[in-house]
Every structure is written in C-alpha cells, then in structure tokens.
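For reference, the structure discussed in these notes is given below.
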Amino acid sequence: TDPTSLGKITVINFWGAWCPPCVGELPHFSEVATEYKDEVCVVAIHSDYKFTVNSVDFVRNDYTDSDIIFAKDKNTSGGLDDLHSLCGGKGSYPYTIIIDENGVITYKVVGAISKDKLISEIEKAKI
C-alpha cells in the first residue's frame, strides 16, 4: 500500500518503544490496520530519540504479521524529529494524525488514543 496516494485514509502514529503510552496503544493501531486494510493505511513512525536495536526487535517480535507500515523518523535539525515536527508535533509522544482520502488532516491528538476513538475519527474522516 502506498501511504502517499490519495483515495485512502491514512493514520500516522508517532511513537517510541521507550514510551509506555505509545506501546500500550500500538495494538489498537495494529487491529485497525487489519480490520480496515482496504480503506485505511496505518503508518507508525518511531522517534529518532532512543531508537535502538531493541526498538527494531520490539517490532520484529510483536508486530511481524501486522498490517502497520513501520518507519523511523530522523532528526537532522538537532531539535525535534523531522516528520514529527513537519506534521505539527511539539515533542510529545504518542502523537497521532488522521488524513482523509483527499489529503486533508481531519484529526490530531497528543497522547494515547483508544481503539473506539480511533475508529470514530476514521469514520468521521470518511465524510
């Protein structure tokens, strides 16, 4: 799935394996990625901060069969992570945005999100 193509809702979750709320909500994103895979693309972007082999092992061990697209942010400015900043993040994790089928951000939240709230916001993005 090409997350940059129009016509599909895209959920982007900025997270870190070192962040308990991030790790706690990741199963919700994996479930949504599977349940809605025909209409939603879920991308989980790990922070450059504290990115280690353990982070990679965490994804390999727990999310090998997940429909989430996993990526790593970069920090080229010496400040906040590049993509996180570009998408409006202010340094707090987790941070989630939902982009509708036309490329418009319809929702963003700092902090953990429940599966029910995630699904509700995806449904609103369809309208």
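For reference, positions follow the sequence shown, starting with 1.
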Q) So do the side chains of Tyr93 and Ser47 get within less than 4.5 Å of each other, counting heavy atoms only? A) yes
(Q) On a heavy-atom basis, which atom in Val23 and which in Gly16 lie closest, and how many Å separate them? (A) CG2-O, 4.0 Å
Q.
Show the nearest heavy-atom pair for residues Pro94 and Ala112, with the distance to one decimal.
A. CG-N, 3.6 Å
(Q) Is there a side chain to side chain contact (heavy atoms under 4.5 Å, CB included) between Val42 and Ile69? Walk through the geometry before answering. (A) CA-CA 6 Å; Val42 178; Ile69 296 169; over 6 Å; no
Q.
Tell me whether the count of non-hydrogen atoms from other residues, nucleotides or ligands lying under 6.0 Å of NZ in Lys74 goes above 12.
A. no
Q: Please confirm whether the backbone N or O of Asp116 pairs with a side-chain atom of Ser120, one donor and one acceptor, at under 3.5 Å?
A: no
(Q) Under the criterion salt bridge (charged side-chain N to carboxylate O under 4.0 Å, His left out), I'd like the reasoning laid out for Glu101 against Lys126: C-alpha separation, chi angles, the key distance, then a yes or no. (A) CA-CA 7 Å; Glu101 296 153 342; Lys126 292 180 183 181; over 6 Å; no
Q | Straight-line distance of Asn75 CG to Asp73 CG, nearest 0.5 Å | A | 8.0 Å
Q) Can you tell me how far CD1 of Ile119 sits from OG of Ser114, rounded to the nearest 0.5 angstrom? A) 8.5 Å
**Q.** Close aromatic pair by centroid cut-off 6.0 Å: His84 and Tyr95
**A.** yes
Q) Is there side-chain contact between Thr96 and Glu25, with at least one heavy-atom pair below 4.5 Å? A) yes
Q.
Measuring only between side-chain heavy atoms, which start at C-beta, is Ile97 closer than 4.5 Å to Tyr107?
A. no
(Q) A side-chain contact here means heavy atoms from C-beta on lying under 4.5 Å apart; do Ile98 and Ile9 qualify? (A) yes
Q: Could you tell me the separation between the CD1 atom of Ile113 and the CG atom of Leu118, rounded to the nearest 0.5 Å?
A: 5.0 Å
Q: Measure the shortest side-chain to side-chain distance between Glu31 and Lys115 over non-hydrogen atoms and say whether it is less than 4.5 angstrom.
A: yes
Q | Asp65, CG atom: more than 12 neighbouring heavy atoms under 6.0 Å | A | no
Q) Any donor-acceptor pair under 3.5 Å linking the side chain of Thr34 with the backbone of Ser30? A) yes
Q. Do Tyr36 and Asp67 come within less than 4.5 Å of each other through their side chains, counting heavy atoms only?
A. no
Q. For the residue pair Trp15 and His46, does the interplanar ring angle fall in the parallel (under 30°), tilted (30 to 60°) or perpendicular (over 60°) class?
A. perpendicular
Q: Could you go through the side chain to side chain contact (heavy atoms under 4.5 Å, CB included) check for Ile122 and Val32 one step at a time?
A: CA-CA 10 Å; Ile122 288 169; Val32 167; 3.5 Å; yes
Q) To the nearest 0.5 Å, how far apart are CZ in Phe70 and CZ in Phe29? A) 10.5 Å
**Q.** Spacing of CD1 belonging to Ile45 relative to CZ belonging to Phe14, to within rounding of 0.5 Å
**A.** 4.0 Å
Q) Under the criterion side chain to side chain contact (heavy atoms under 4.5 Å, CB included), which of Val104, Val11, Val43, Ile12 is the partner of Ile99? A) Ile12
Q: Please round to the nearest 0.5 Å and tell me the distance separating atom CG of Asp100 and atom CD of Glu121.
A: 12.5 Å
